[in-house]
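Only a predicted model underlies this, so the values are computations on that prediction, with no experimental measurement involved. Values below: all heavy atoms of this structure, side chains included; hydrogens, waters and symmetry mates excluded.
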Amino acid sequence: MSTGRELHLNLHMVGGATGVHPAAWRAPGSDPHGFAKTEAWVAAAQLAERGLMDAVFLSDTPGVFGDIDSGPHGAYYLEPTLVLTAIAAATERIGLIATASTTSNEPYNIARRFKSLDVLSGGRAGWNAVTTYIPQVAANFGGSGLPPRTDRYARAEEFVDVVKALWRSWEPEALVADVETGRFTDPRRLRPIDHHGRHFSVRGPLPLPPSAQGHPLVVQAGASGPGRELAGRTADVVFSGAGTQDTALAYAADVRARAERHGRDPRSVRILPGLMTTVEDSRREALRRLDRLDRLAGHAPWRGSHIEAVGTPEHVADVAEEWFTSGAADGFTLMPDVFADGLPAFVELVVPILRKRGIYRSGYRGTTLRDHFGLPHPDDAAAAT
């Protein structure tokens with residue numbers, strides 16, 4: 001039965017497009033070298049687009065960390081916007097979200113990189129702004145160690161403000177491109193931002209016009225107080241941990257209350273906790289599948305901080321529907337255990353059930369990432385305030 005809301009899905013392309021389980025790269029059908037092959041990333045994205053998902057989502061850690069001898073999760077990270085550029089050329093509608101750190105980058109470069117992806121993809125880009133908490137990464141950028149959390153988030157607040165100002169530095173009518181008159185731009189509609197703050201001094205403007213959706217969406221994954229504040233003030237989409245439905249409901253209420261205190265419409269923030277899926281014909285087979293993966297990984301059963309749906313397609317759909325209809329989630333950041341067969345199982349078996357229950361789309365209603373999430377164009381939103 002339709003709730004009037006529409007469930008959203010982002011595919012988390014973790015493990016180099018092999019799957020979220022640490023042993024996914026060793027599973028039958030997986031290619032341990034797939035992370036280095038454009039066709040592996042593209043194939044997963046095209047399947048997600050066939051399942052009418054809102055976006056593919058790439059995390060990023062620019063450094064080697066953790067236990068890398070038994071799996072790829074901490075050993076490599078391709079630069080995510082390069083991967084998404086290849087995916088953009090091979091897809092038509094699905095959104096393209098990549099992670100970039102506010103601690104180890106400069107706002108002008110990030111603004112330009114994501115605006116370029118947004119323009120080239122026809123308005124499908126999103127930036128997941130993170131502060132990065134891994135000391136090994138900090139050692140790659142100046143070697144002065146990881147700044148305290150309060151300093152990282154203070155820098156992040158200013159960073160996001162500068163990026164958004166740069167994205168808005170071209171007015172919609174600035175690009176003229178009139179072949180008859182020979183006029184390409186209207187310089188009066190380009191605005192230097194002339195930002196001078198505690199962390200950054202940036203003149204602007206960007207050398208890029210608005211995209212079909214105005215500018216990229218901002219995604220955030222804050223769990224701490226400062227992270228929730230950054231999400232409430234700036235984020236269009238939030239990738240959250242889950243815990244219980246009660247804690248998820250409290251988290252959503254807190255982030256939306258913070259958004260409202262910043263003068264934003266709290267209903268405009270889409271909250272998508274992680275959903276790890278294992279799909280088989282029976283619960284018993286699903287548990288056997290996980291046991292085989294755990295033995296391949298060489299450790300005790302792996303459990304993360306996300307929602308787990310292990311069982312038949314109907315059970316996985318039940319879990320998703322329960323969280324969605326309770327208001328604990330607006331959708332999910334989908335993390336199949338193994339992409340080779342777990343992603344097709346979700347698209348081909350679970351998605352039709354969600355659609356039949358009236359909580360999932362039967363087709364894309366637009367071409368941009370804002371369209372998919374039902375969010376207004378920035379110019380329309382500004383006119384409404």
### Summary
Separation between OG (S169) and NZ (K164), nearest 0.5 Å, reads 14.5 Å
#### Entry: Side-chain heavy atoms of E280 within contact of T312, under 4.5 Å
no
### Query
Of the non-hydrogen atoms in N105 and R113, which two are nearest, and what is the gap between them?
OD1-NH2, 4.0 Å
### Task
Look only at the side chain of T234 and the backbone of A231, and say whether a donor-acceptor pair between them is shorter than 3.5 Å.
no
### Donor-acceptor contact present, side-chain T85 to main-chain T81, <3.5 Å
yes
### Message
Please determine whether residues F57 and L7 belong to a single hydrophobic cluster, defined as Ile, Leu, Val, Met, Phe, Trp and Tyr linked transitively by side-chain heavy-atom distances below 4.5 Å.
### Response
no
### Message
Go through it in stages, so that I can follow the logic: the residues are Y364 and L52, the test is side-chain contact (heavy atoms from CB on, under 4.5 Å), and I'd like the CA-CA distance, side-chain angles, deciding distance and then a yes or no.
### Response
CA-CA 7 Å; Y364 287 116; L52 302 175; 3.7 Å; yes
### Task
Tell me whether V255 is reachable from I307 by hopping between hydrophobic residues (I, L, V, M, F, W, Y) whose side-chain heavy atoms are closer than 4.5 Å.
no
### Task
Check whether any side-chain heavy atom of E39 sits under 4.5 Å from a side-chain heavy atom of V42, and report yes or no.
no
### Task
Of all the heavy-atom pairs spanning D337 and L293, show the shortest one and how long it is.
OD2-CD1, 4.0 Å
### Message
I'd like to know whether H21 forms a side chain to side chain donor-acceptor pair (under 3.5 Å) with D294, so could you lay out the CA-CA distance, the side-chain angles of the two residues, the decisive distance to 0.1 Å, and finally the verdict.
### Response
CA-CA 8 Å; H21 196 284; D294 290 337; 2.8 Å; yes
### Any donor-acceptor pair under 3.5 Å from T102 side chain to V130 backbone
yes
### Task
Please lay out, stage by stage, how D265 and R256 fare under the test salt bridge (Lys or Arg N to Asp or Glu O under 4.0 Å).
CA-CA 8 Å; D265 180 355; R256 291 193 168 108; over 6 Å; no
### Message
A side-chain contact here means heavy atoms from C-beta on lying under 4.5 Å apart; do H8 and F332 qualify?
### Response
no
### Qualifying residue for side chain to side chain contact (heavy atoms under 4.5 Å, CB included) with R5, from D330, I359, T325
D330
### Message
Against D118, only a single residue in Q213, R124, H215 fulfils side chain to side chain donor-acceptor pair (under 3.5 Å); can you say which?
### Response
Q213
### Query
So, the side chain of R93 versus the backbone of G366: is there a donor-acceptor pair under 3.5 Å, distance only?
yes
### Query
Given the rule that I, L, V, M, F, W and Y join up when any side-chain heavy atoms are under 4.5 Å apart, are V347 and M13 in one cluster?
yes
### Task
List the steps, then state whether side-chain contact (heavy atoms from CB on, under 4.5 Å) holds for R303 with M276.
CA-CA 10 Å; R303 294 297 174 256; M276 301 189 299; 5.6 Å; no
## Note on the structure
Correct closest heavy-atom pair for L369 and G126 would be CD2-N, 4.0 Å
### Query
Out of L217, V219, N10, D60, which one pairs with N128 under the side chain to side chain contact (heavy atoms under 4.5 Å, CB included) rule?
V219
#### Entry: Residues D371, R365; criterion salt bridge (Lys or Arg N to Asp or Glu O under 4.0 Å); working and verdict
CA-CA 7 Å; D371 291 335; R365 295 190 175 92; over 6 Å; no
### Message
Within the 4.5 Å heavy-atom criterion, are E285 and L290 side-chain neighbours or not?
### Response
no
### Task
Output the distance between atom CD1 (I97) and atom CG (D236), rounded to the nearest 0.5 Å.
9.5 Å
### Query
Under a single-linkage rule joining Ile, Leu, Val, Met, Phe, Trp and Tyr whose side-chain heavy atoms are separated by less than 4.5 Å, which residues share a cluster with F200?
Y108, I110, F114, W127, Y153, F159, V160, V162, V163, L166, W167, I193, V202, L206, V218, L230
### Query
Can you tell if the side chain of R264 reaches within under 4.5 Å of the side chain of V269, non-hydrogen atoms only?
yes
### Task
Verify, without hydrogens or angle tests, whether R258 (side chain) and G232 (backbone) share a donor-acceptor contact under 3.5 angstrom.
no
### Message
Looking at E6 and Y360, would you say the former's side chain and the latter's main chain have a donor-acceptor pair under 3.5 Å?
### Response
no
### Message
I'd like to know if R189 and D186 make a salt bridge, using a cut-off of under 4.0 Å between side-chain N and carboxylate O.
### Response
yes
### Query
Sub-3.5 Å donor-acceptor pair from the side chain of Q46 to the main-chain atoms of T91, do we have one?
no
#### Entry: Neighbour count >12 (heavy atoms, 6.0 Å) for atom NE2, H262
yes
### Message
Looking at R267, I want to see if its CZ is surrounded by more than 12 non-hydrogen atoms of other residues, nucleotides or ligands under 6.0 Å.
### Response
no
### Message
One thing to verify: whether R188 and E171 come together as a salt bridge, which I'm taking to mean a side-chain N less than 4.0 angstrom from a carboxylate O.
### Response
no
### Message
Within this structure, what is the CZ-CG distance for the pair R270 and D54, rounded to the nearest 0.5 Å?
### Response
9.5 Å
### Message
Going by salt bridge (charged side-chain N to carboxylate O under 4.0 Å, His left out), R357 matches just one of E314, E322, E321. Which one?
### Response
E321
### Query
Are the side chain of Q220 and the backbone N or O of G222 linked by a donor-acceptor pair below 3.5 Å?
yes
#### Entry: Flag side-chain contact, heavy atom, 4.5 Å: R288 against R292
yes
### Query
Between atom OG of S201 and atom NE2 of H195, what is the distance when rounded to the nearest 0.5 Å?
7.0 Å
### Task
For side-chain contact (heavy atoms from CB on, under 4.5 Å), just list the numbers for T99 and L58, CA-CA rounded to whole Å, side-chain angles, deciding distance to a tenth of an Å, and then say yes or no.
CA-CA 6 Å; T99 299; L58 271 68; 5.9 Å; no
### Summary
Between V176 and T185, the two heavy atoms sitting closest are CG2-C, 3.9 Å
### Message
I'd like to know if M53 and L47 are part of one continuous hydrophobic network [Ile/Leu/Val/Met/Phe/Trp/Tyr, side-chain heavy atoms within less than 4.5 Å].
### Response
yes
### Query
With the threshold set at 4.0 Å, does a side-chain nitrogen-carboxylate oxygen contact exist between R155 and D151?
no
### Query
Rounded to the nearest 0.5 Å, how far apart are CG of L120 and CG of L84?
12.0 Å
### Task
For the pair S101 (side chain) and T103 (backbone), establish whether a donor and an acceptor sit closer than 3.5 Å, ignoring hydrogens and angles.
yes
### Message
The test is side-chain contact (heavy atoms from CB on, under 4.5 Å); show your working for E308 and L275 and say whether it passes.
### Response
CA-CA 6 Å; E308 297 176 37; L275 174 66; over 6 Å; no
### Query
Do other residues, nucleotides or ligands put more than 12 heavy atoms under 6.0 Å from R112 CZ?
no
### Query
Could you go step by step and tell me if F239 and H306 meet the ring-ring contact (aromatic ring centres under 6.0 Å, His included) rule?
CA-CA 11 Å; F239 171 31; H306 303 292; 5.7 Å; yes
### Summary
CD of E157 to CZ of R198, rounded to nearest 0.5 Å, is 11.5 Å
### Query
Just wondering, are more than 12 heavy atoms of other shown residues or ligands nearer than 6.0 Å to CD in E92?
no
### Task
Evaluate the side-chain proximity of L334 to P336: yes if any heavy-atom separation is below 4.5 Å, no if none is.
yes
### Task
Would you check if the side chain of S30 reaches a backbone N or O of A24 as a donor-acceptor pair within less than 3.5 Å?
yes
### Query
How close do Y251 and A223 get, heavy atom to heavy atom, and via which atoms?
CE1-CA, 4.4 Å
### Task
Work out which heavy atom in W170 is nearest to a heavy atom in L208; give both atom names and the distance.
CD1-O, 3.1 Å
### Query
Got D318 and W323 here, is their nearest side-chain heavy-atom distance under 4.5 Å?
no
